[in-house]
Amino acid sequence: DQESDIGRDLTTLSRHVLSQIGTHDPDAYDMSALMNRIGLAGKMVSRRLSRAGLLEDALGVTGDVNVQGESVKKMDQYANRIFVRAFEQSGLVCRLASEEMEKPYYIPENCPIGRYTLLFDPIDGSSNIDANLAVGTIFSVRQQEGIDTTGDADDLLQPGHKQVAAGYILYGSSTMFVYTIGKGVHSFTLDPSLGEFILSQENVQVPESGSTYSINEGNYCHWEENIREYIRHLHRQPGYSARYSGALVADFHRILFQGGVFLYPGMTTQPEGKLRLLYESAPLAFLITQAGGLATTGKVDIMDVVPPKLHARTPLIVGSRKDVELATSFMK
Ligand code: AHG
Ligand code: MN
Ligand code: MN
Ligand code: MN
């Protein structure tokens, strides 16, 4: 009814962050402004994606290859630039690290006041862009502790427990913003007519078990035998369905809300797997842990892993507690 609608529409992203931290805390305004900036960048990416087919230079590749060895999509580059520009003027962060930038981007004039580092995957699932399928942005915020003497952000090579905030934007049938600052997981839906992310669910909890598993079965011949055994076990379970979208954020979001398990395991061809720790697996591990689920490499908790380098990869098994426990029982 109209009354509740009015109440809900006033819980914007920035207001929610303030209420989470409490306005007595001086950090509240910085973190609220930081989340709002991420939201602004997300709204600009969402707007461009929604019209990509009508624009001269939104689809397809740039012709460059990034530090990951991947062909860079025009949207990868656009989204990366949007995030850099949104934070250059903000005075909130001192450094940006992204899948698309070999080295971190320092914002020197802001360094004295900036004390956060923003790590992000500007477009996750970018192979879906030209097929008009869901893609996302993943972000992680860390407190700047040390001085980076090498310029390689060695002070960032810390376990996921050091994250102060994490979340993602899912550019799906609706554009959603999901975040945690360590006080639960909260989801917002973009109301394009207001240009605001409005709270849609607080304290999201992942079901303790689900009925979908998400893995690229095209890699079957590269998996270790224990993964094959686990997947064959699931094939024998009545009622289990396979769902795999090609975008980690979309597959993760389904699991967060409906339960299940996502796996990108190490392979004989790539023992560390494909997904990057600092701006893909660690932020999602923070979220799933806050929502009552689990995230492991198959051997250890993702949040305990210390990356050897900025773009380190790691195997990822993430989702409902019971499903992840079953999967990892095959990997001991
Ligand atoms: P990105 O587009 O940021 O490089 O990430 C793609 C990742 C992830 O989103 C997805 O789950 C996975 O790559 C898909 O990899 P495969 O095509 O090898 O299954
Ligand atoms: Mn990529
Ligand atoms: Mn990604
Ligand atoms: Mn990406």
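As the structure lists them, so they are numbered: ligands from 1, and atoms in each ligand from 1. Values in this document were obtained by computation on a predicted structure and should not be read as measured data.
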Practice task
Could you tell me which residues satisfy ring pair (Phe, Tyr, Trp, His ring centres under 6.0 Å) with Tyr171, sequence neighbours excluded, listed by chain and number?
Solution key: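 Per chain and number, Tyr171 pairs via ring pair (Phe, Tyr, Trp, His ring centres under 6.0 Å) with no residue.
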So, is [X] placed with an N/O/S atom under 2.8 Å from the Mn ion (ligand 4), counting both backbone and side chain?
| X | value |
| --- | --- |
| Asp121 | yes |
| Glu99 | yes |
| Gly125 | no |

Exercise for the section: Sort out the contact shell of ligand 1: every protein residue with a heavy-atom distance below 4.0 Å, listed by chain and number. Expected result: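 Lining ligand 1: Glu70, Glu99, Asp121, Ile123, Asp124, Gly125, Ser126, Asn216, Tyr244, Gly246, Ala247, Leu248, Phe262, Tyr264, Lys274, Leu275, Arg276, Glu280.
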message: Taking Arg228 first and then Glu225, would you say they form a salt bridge - that is, a charged N and a carboxylate O separated by under 4.0 Å?
response: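 Salt bridge: yes.
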- Query: Val72 and side chain to side chain contact (heavy atoms under 4.5 Å, CB included): which partner among Ile123, Val61, Asp64, Val65?
  - Reply: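 It is Asp64; the other options fail the test.
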_We want to know whether Ser320 and Glu208 form a side-chain donor-acceptor pair, criterion being a heavy-atom distance below 3.5 angstrom._
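No, no side-chain donor-acceptor contact under 3.5 Å.
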Practice item. Consider only side-chain N and O atoms of His311 and Glu102, and report whether a donor and an acceptor are under 3.5 Å apart. Key: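 Glu102 and His311 do not have a side-chain donor-acceptor pair below 3.5 Å.
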| field | Minimum-distance atom from the Mn ion (ligand 3) among N, O or S atoms of Asp124 | value |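 Of all N, O or S atoms in Asp124, the Mn ion (ligand 3) lies closest to OD1.
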Taking the N/O/S atoms of Glu280 one by one, which is nearest to the Mn ion (ligand 3)?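 For Glu280, the N, O or S atom at the smallest distance from the Mn ion (ligand 3) is OE2.
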query = Do Asn203 and Val185 come within less than 4.5 Å of each other through their side chains, counting heavy atoms only?
reply =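 They are not in contact (no side-chain heavy atoms under 4.5 Å apart), so the answer is no.
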- Query: So, does Ser200 use its side chain to make a donor-acceptor pair with the main chain of Ser187 at under 3.5 Å?
  - Reply: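 Answer holds: yes.
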Margin query: Please check: side-chain N/O of Asp130 versus main-chain N/O of Leu59, any donor-acceptor pairing under 3.5 Å?
Written below: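 Absent.
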